[in-house]
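Atoms considered below: every heavy atom in the structure, side chains included; atoms not considered: hydrogens, waters and symmetry mates.
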2 protein chains.
Amino acid sequence: MNLPKQHDPDATPLDEAARAAWLYYVGGKTQDQIARELGMSRQRAQRLVSRAVSEGLIHFRLEHSLSSCMALEATLKRKYALKLVRVAPGLGAGADPTKSIAPIAAVEIERVLASAEPLVMAVGTGRTLRAAVEQIQTMQCERHKLVSLIGNISPDGSASFYDVIMRLADRVHAAHYPMPLPVFADSPKERDMFHALDPMRRTMELARSANVTFVGVGQMDDTAPIRLDGFITQEELEAMRNAGAAGEIVGWIYDESGRYLNFGSNLRNAGVRVLPPEENMVVAVAAGNNKVPALRAALSGNLINGLVTDEPTAQALLNP
Amino acid sequence: MNLPKQHDPDATPLDEAARAAWLYYVGGKTQDQIARELGMSRQRAQRLVSRAVSEGLIHFRLEHSLSSCMALEATLKRKYALKLVRVAPGLGAGADPTKSIAPIAAVEIERVLASAEPLVMAVGTGRTLRAAVEQIQTMQCERHKLVSLIGNISPDGSASFYDVIMRLADRVHAAHYPMPLPVFADSPKERDMFHALDPMRRTMELARSANVTFVGVGQMDDTAPIRLDGFITQEELEAMRNAGAAGEIVGWIYDESGRYLNFGSNLRNAGVRVLPPEENMVVAVAAGNNKVPALRAALSGNLINGLVTDEPTAQALLNP
DNA sequence: AAGCAATTTGAGCATATGCTCATGTAGTGG
DNA sequence: CCACTACATGAGCATATGCTCAAATTGCTT
């Protein structure tokens, strides 16, 4: 029988956490039972379960679309002529909307990657996309190509934290093409030098030919991620705002009608600009009150034709 | 902000359950908070969450392979020359092993269906497969064909409860070919009549050409599902046992070396027999102590070349 | 419209969970 | 070899969860 195991010796800590979480969520046992079965204190079992959750060893996935969210999806789709809209149930006032949209975005990315024909998928960066990628399940996608729209080198020279493409490629086993250049060059001249390099040119060409693109959207208020992560200074940010900046996609700043500014940091951006999609899909993954103006602008300029957001944001986008 | 919603009127009960579960598992809120946010009693919130779990609106998925299970997989793979082995962590003594293997089997079925090339997938029936299918996430698989190996008409004339193919096709949106005939004919003659029908012949041909097959495995002790579901009588079962019956796949009974008996109910079975795979894959999804002899027999006869089971069963299969 | 059965509801309570804190233990650098 | 830091552990407790039961509601039949 399954009496207390004397603490299986050849088990990594994460193994134990995974097993405890399995017994808890899949098996529906109490932590007390689990502790006894695994020969440990109830404390430890509790910690293992909570560890498994926080380390993302266990995923929760809702297999049911709320009708209220579906209604918002339909309305948004019509209003902005979008091809894809997903609205995640809101998590209420204080919560981080990233938590809410990440699992939904993950499902959509998986759905795209499940396609039979080989695709080129371009991806941006950012906290939200990063969180989404963490939720993607592993799959075999050798037929697809993943390409980054944006350099992976931070101002301080390190690889950017929110580098999404590598993690995604890891999970889905697809060929991937990161862009080994700074996000912003020091000058337009330097940027042109990078762009003159042949391998760079090919990667950028690939990115521009992507069938599907997933990007985050950055706001331009004082919490602008582009500033918080040290890509531009507060002064530059203010200058861009004065020039009409409403939002930003892979670092490219656009005004409230979704037109890219020909000014300031945009002149140094070394990455690929997302252009209004025609046959291809450009899906923005973003939610939160402070992103509403940026999203609205991107939508009016038809910079995107797909949107993954949450309930309150969807509502805000519909209330003019 | 998000103060108590006065009980959203246009929400189905399942909608509410899904929303509560979302807030609970994804949002990490307490049921008390959820109740306040949704304007209901804590009780109700509690019930909604537990309902969402029991109705399968929310799925738990482990994104981490336990090393002890991986070791068992490797050993089984070698010992029986299998192409695919997955071992789910056991849920301990009393628990229903179906609960344990269903999510793992679901992942494997998804993985197969994610394939780029069009496939023919044949499926059997049974409680275990049925539970696995409930765990599969929805996907778009128009390129694939799903075909049933077994009739979907019970002895009492109703459609069989554990009919798997329709549910699976529903979820994954694939073309599907059920077999509108009884599981067992009344006589060999009647069976031949069914088989003479042209559409039936084509479906059976399709089933025999399947690239991948997923089946359950039935035991031959007094808990034999084939008897419990009224397909054969206790007397027939005993007769088959006396003739050496060790297990059953889609109703076809085989002996301990995995050879089909040419006897009894096998003479009336109207479905397609699973033959030892060559290029194709035949994956058995089964676990539990009482299934060990049936599994062992199927493995010795090379009736299957893939196995999804749980830890205790894997261990039992390895201890001779 | 009344009566009945079946389901839903909330109160109260036993149990399970998770947090804090004091203590222990391993690993590191002097 | 000792001192120190960082992290792991278990006890105790406040809180969250889920079960039971009695009351209320719903839907259905007469």
Side-chain angles (χ1 to χ4, degrees), chain A residues 2 4-60 62 64 66-67 89 91-96 99, chain B residues 2 4-60 62 64 66-67 89 91-96 99:
Chain A
N2 258 29
K5 299 180 184 172
Q6 276 329 321
H7 207 88
D8 199 352
D10 51 318
T12 75
L14 278 199
D15 255 23
E16 292 190 290
R19 183 179 295 272
W22 178 267
L23 293 168
Y24 189 66
Y25 289 108
V26 180
K29 314 201 164 197
T30 76
Q31 301 180 348
D32 230 333
Q33 286 176 281
I34 295 168
R36 247 171 296 132
E37 256 173 60
L38 264 45
M40 57 179 65
S41 74
R42 190 188 66 76
Q43 279 335 323
R44 201 157 137 64
Q46 195 279 332
R47 277 176 185 128
L48 287 174
V49 171
S50 100
R51 177 119 179 260
V53 172
S54 66
E55 299 256 356
L57 301 184
I58 188 108
H59 286 181
F60 308 106
L62 191 62
H64 179 93
L66 294 170
S67 47
L91 288 178
D96 179 6
K99 247 177 150 174
Chain B
N2 261 27
K5 298 180 185 172
Q6 276 330 320
H7 208 89
D8 201 351
D10 51 318
T12 76
L14 279 199
D15 255 25
E16 291 190 291
R19 183 180 294 272
W22 178 267
L23 292 168
Y24 189 66
Y25 289 108
V26 180
K29 314 201 163 195
T30 77
Q31 301 180 348
D32 229 334
Q33 286 176 283
I34 295 167
R36 247 172 296 134
E37 255 172 59
L38 264 42
M40 57 180 66
S41 75
R42 189 188 67 75
Q43 288 327 334
R44 201 158 137 64
Q46 194 279 334
R47 277 176 186 128
L48 287 174
V49 172
S50 100
R51 176 119 179 259
V53 173
S54 65
E55 299 255 357
L57 301 184
I58 189 110
H59 286 180
F60 308 107
L62 192 63
H64 180 92
L66 293 171
S67 46
L91 289 178
D96 178 6
K99 246 177 147 174

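Across the protein-nucleic acid pair, Met40(B) atom CE and dT8(C) atom C1' stand 13 Å apart, rounded to whole Å. One interatomic measurement links the two molecules: CZ of Arg36(A) to P of dT17(C), which rounds to 11 Å at whole-angstrom precision. The nearest whole Å value for the distance from the CG atom in Leu23(B) to the P atom in dT17(D) is 12 Å. Rounded to an integer number of Å, the gap from Gln33(A) CD to dT15(C) P is 14 Å. In this entry the distance linking OH of Tyr25(A) with C1' of dA16(C) reads 13 Å, nearest Å. The CZ atom of Arg42(A) sits 13 Å away from the C1' atom of dT17(D) (whole-angstrom rounding). One interatomic measurement links the two molecules: CG of Leu14(B) to P of dT8(C), which rounds to 11 Å at whole-angstrom precision.
Among all heavy-atom pairs drawn from Ala17(B) and Leu57(B), the shortest one is CB-CD1, 4.1 Å. Of all non-hydrogen atoms in His64(A) and Ala18(B), the two that sit nearest each other are CD2-CB, 3.6 Å.
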Please lay out, stage by stage, how Leu23(B) and Leu38(B) fare under the test side chain to side chain contact (heavy atoms under 4.5 Å, CB included).
CA-CA 10 Å; Leu23(B) 292 168; Leu38(B) 264 42; 3.9 Å; yes
Hey, mind stepping through Arg51(A) and Leu14(A) against side chain to side chain contact (heavy atoms under 4.5 Å, CB included) and telling me if it holds?
CA-CA 8 Å; Arg51(A) 177 119 179 260; Leu14(A) 278 199; 4.0 Å; yes
Which protein N or O atoms sit under 3.5 Å from an N or O of nucleotides 23-27 of chain C?
none

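Proximity of Gln46(A) to the phosphate of dT17(C): no side-chain N or O atom is located under 4.0 Å from OP1 or OP2. Close to dG10(C), at under 4.0 Å from its OP1 or OP2, lies a side-chain N or O of Ser41(B).
Across all strands shown, Gln31(B) has heavy atoms under 4.0 Å from sugar-phosphate atoms exclusively, and none from any base.
Contact check for Arg19(A) versus Ile34(A): no side-chain heavy atoms found under the 4.5 Å cut-off.
Among dA16(D), dG10(C), dG10(D), the nucleotide with an atom closest to any side-chain atom of Asp32(B) is dA16(D).
In this structure, the ring pair (Phe, Tyr, Trp, His ring centres under 6.0 Å) partners of Tyr25(A), at least two apart in sequence or on a different chain, are Phe60(A), Phe60(B).
Nearer the 5' end of DNA chain C, as judged by each residue's closest nucleotide, is the contact made by Tyr24(A), out of Arg47(A) and Tyr24(A). If Gln43(A) and Arg51(A) are placed on DNA chain D by their nearest nucleotide, the residue sitting closer to the 5' end is Arg51(A).
Put simply, the side chain of Trp22(A) gets close to the backbone of Pro89(B): a donor and an acceptor are under 3.5 Å apart.
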